[in-house]
Number of protein chains: 2
Amino acid sequence: MAEVAPTQVGSVARALELVELVVGGSTEGMALSEIAKAVGGSKSAVLATLRTLVDFGYLRVVEPGPKYLPGMMLIRLGDLAAAHDPLIAVARPILTQLSEKSGLTIRVARNDNGFPIFIDRVDGPGFVRFYTPLGVRELPHVSSAGKAILAELSDEEIRSVAKECGLVSRTKNSITSFTGLKKEIDHIRQVGFATDDEEDAQGIFCVGAAFFDHFGRCLGAISATGVKTDLTEEQVNNLGKLVIRYADQLTKELHGRKTVRRAI
Amino acid sequence: MAEVAPTQVGSVARALELVELVVGGSTEGMALSEIAKAVGGSKSAVLATLRTLVDFGYLRVVEPGPKYLPGMMLIRLGDLAAAHDPLIAVARPILTQLSEKSGLTIRVARNDNGFPIFIDRVDGPGFVRFYTPLGVRELPHVSSAGKAILAELSDEEIRSVAKECGLVSRTKNSITSFTGLKKEIDHIRQVGFATDDEEDAQGIFCVGAAFFDHFGRCLGAISATGVKTDLTEEQVNNLGKLVIRYADQLTKELHGRKTVRRAI
DNA sequence: AACGGTGTTCGGCAATACCGAACGGATATG
DNA sequence: CATATCCGTTCGGTATTGCCGAACACCGTT
């Protein structure tokens, strides 16, 4: 089976795999045989597990078929988990205000050892043209939030993170060399905000800025995301200053202290 | 133990109880002994389960102590579950627009046999002064969304729902008699929107309107929530018309068809 | 220094979660 | 129209494995 170092509970692990499988599946839902085949278990065992998950609302079953879909409890738990997180609780009103002011989608990422994990998002008005998942470690070098975080690290930390993620390419604009990244970070340290000019996805432009705890350590970054249009340098600068202002506001409300960014 | 009619998996059920326990706990996190005592299990068994949940990101452990807190995966799953739900996907831009237009917190509830289940929320600007959970069945008679849904039911359905929830009182403004509720619903059917004038919580005012599927059946309702201020009847009417317009827009984008509301 | 409180590890027993076969229904195929 | 093939479901039997309780190590307090 799977190599699990510490003591675990197998049936629970298998159940959680089922949840991820269904959540990652299509919006049509998944059938029992399909699920059993995917996880390589017997139909009867999978059925018992699915019933348990449905009982707790983690999944819901839609007739006819029976097909399994993500349940309401997941939304409830996600909402409660967000309410539990002090950072999200403080950040959300700020994200909302910045979204309204800029008309863009605003997200907040936590600094996870140099990697950004987006934990909340407030959509801008208009139809949502892109979807970015929450709660997962993202690539640091192709997102404005990630680069804003990187710019607050020491050079050796940056090198370590760059090595860990491999500086993989996502689009033709992605920065894939360490020297290129270093140059970019120098620029970020000068202007105080980071950009993502179609480096992660075609047609998407982002601006991000870091925020800090009361030790002056970078807790994460907020970013504004929109569809790429022809922005003048001045417009980018204005947006950058706006994002910085709200990031500073977040730092302040977290009783944090903004560090002097390392110039070189 | 618990009386479980169909075949289930006990260890999974116990694990999910742990998740709910921790999510419902304080923001400080819960200790192992505390959790074991609460669920009435041995520390070793609970520890193994907790480790599994931590491994999957459902919980996270914070040192020192080890204390257990809701994990990032819950946020991720909640976000994915919301993205899976066609209603949420369609509704969110509309909620965002209405929130921006009205400056209020907008929510959308699904009609669950006459009961509202709020499944998404877009906060208005400014500090959030109230928190309403998502994904749980709420009382139908003390929320504007609930009453907007009720007004689309037949009279016997309303009576059935009223019996089921007992018309319990939440504030001194709560409607607790069936005749009072019937009168209120007649009014809602006339004006097309429902209000909640501090009937669920002191100082909170809401306006809600229903939306429909392509059979003309009431799928749910959206509502605008704000702090109670001295609103003139005209202002309430204007807000009501605004909410109706966005609810109708939602109906339209769901390829739904608005029913002629039953006058009497 | 001895205590109550942690979290942790370990062995052993029995509960129980798994499997596979068999059934019934629905849909597709000849 | 009959046959075949999928589906979901039920049901025992087996042994896997998840549970317990005791013992350990650790810290803070008394």
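Scope of the values below: all heavy atoms of this structure, side chains included, with no hydrogens, waters or symmetry mates. Throughout, a chain's letter reflects where its sequence line sits, starting with A, and its residues are numbered from 1.
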Asker: Under 3.5 Å, is there a donor-acceptor pair between the B/Ser154 and B/Glu157 side chains?
Answerer: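 Yes, because at least one side-chain N or O of B/Ser154 sits under 3.5 Å from a partner of the opposite role on B/Glu157.
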
Asker: One thing to verify: whether A/Arg137 and A/Glu164 come together as a salt bridge, which I'm taking to mean a side-chain N less than 4.0 angstrom from a carboxylate O.
Answerer: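 Answer for the salt bridge query: yes.
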
Asker: Does the cation-pi check pass for B/Arg257 over B/Phe215, that is, NZ or CZ under 6.0 Å from the six-membered ring centre and within 45° of its axis?
Answerer: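 No cation-pi geometry.
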
Asker: Could you tell me how far apart A/Leu47 (CG) and C/dC18 (P) are, to the nearest whole angstrom?
Answerer: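 Computing the A/Leu47:CG to C/dC18:P distance gives 12 Å.
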
Asker: D/dC19 C1' sits how many Å from A/Gln8 CD, rounded?
Answerer: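 Roughly 16 Å, once rounded to whole Å.
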
Asker: Map every base of DNA chain C to its dot-bracket character, where paired means a Watson-Crick or G-U wobble contact with both distances under 3.5 Å and | marks a partner outside the strand.
Answerer: ||.||||||||||||||||||||.||||||

Asker: Hey, are B/Arg107 and B/Asp120 close enough for a salt bridge, meaning a charged N less than 4.0 Å from a carboxylate O?
Answerer: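 Between B/Asp120 and B/Arg107 there is no salt bridge, as every charged N stays at least 4.0 Å from the carboxylate O atoms.
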
Asker: Any side-chain N or O of A/Arg14 less than 4.0 Å from the OP1 or OP2 oxygen of C/dC18?
Answerer: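 Affirmative; the distance criterion is met.
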
Asker: A/Arg51 CZ to D/dC11 C1': how many Å, rounded?
Answerer: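 Atom CZ in A/Arg51 sits about 13 Å away from atom C1' in D/dC11.
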
Asker: Residues of residues 29-43 of chain B with any non-hydrogen atom less than 4.0 angstrom from an atom of DNA chain C: list those, numerically ordered, please.
Answerer: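 B/Ala31, B/Leu32, B/Ser33, B/Lys43, in order of number.
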
Asker: Looking at A/Phe212, does the NZ or CZ of A/Arg217 lie under 6.0 angstrom from its six-membered ring centre and within 45 degrees of the ring axis?
Answerer: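 Output no; distance or angle outside limits.
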
Asker: For A/Ser11 and for A/Pro66, find the nucleotide of DNA chain D with the closest heavy atom, then tell me which residue's nucleotide is more 5'.
Answerer: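 The 5'-side residue here is A/Pro66.
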
Asker: Rounded to whole angstroms, how far apart are CD on A/Glu63 and P on C/dG25?
Answerer: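 Rounding to the nearest Å, CD of A/Glu63 and P of C/dG25 are 16 Å apart.
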
Asker: Expressed as a whole number of angstroms, how long is the span from B/Leu50:CG to D/dC19:P?
Answerer: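 Going from B/Leu50 (CG) to D/dC19 (P), I get 11 Å.
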
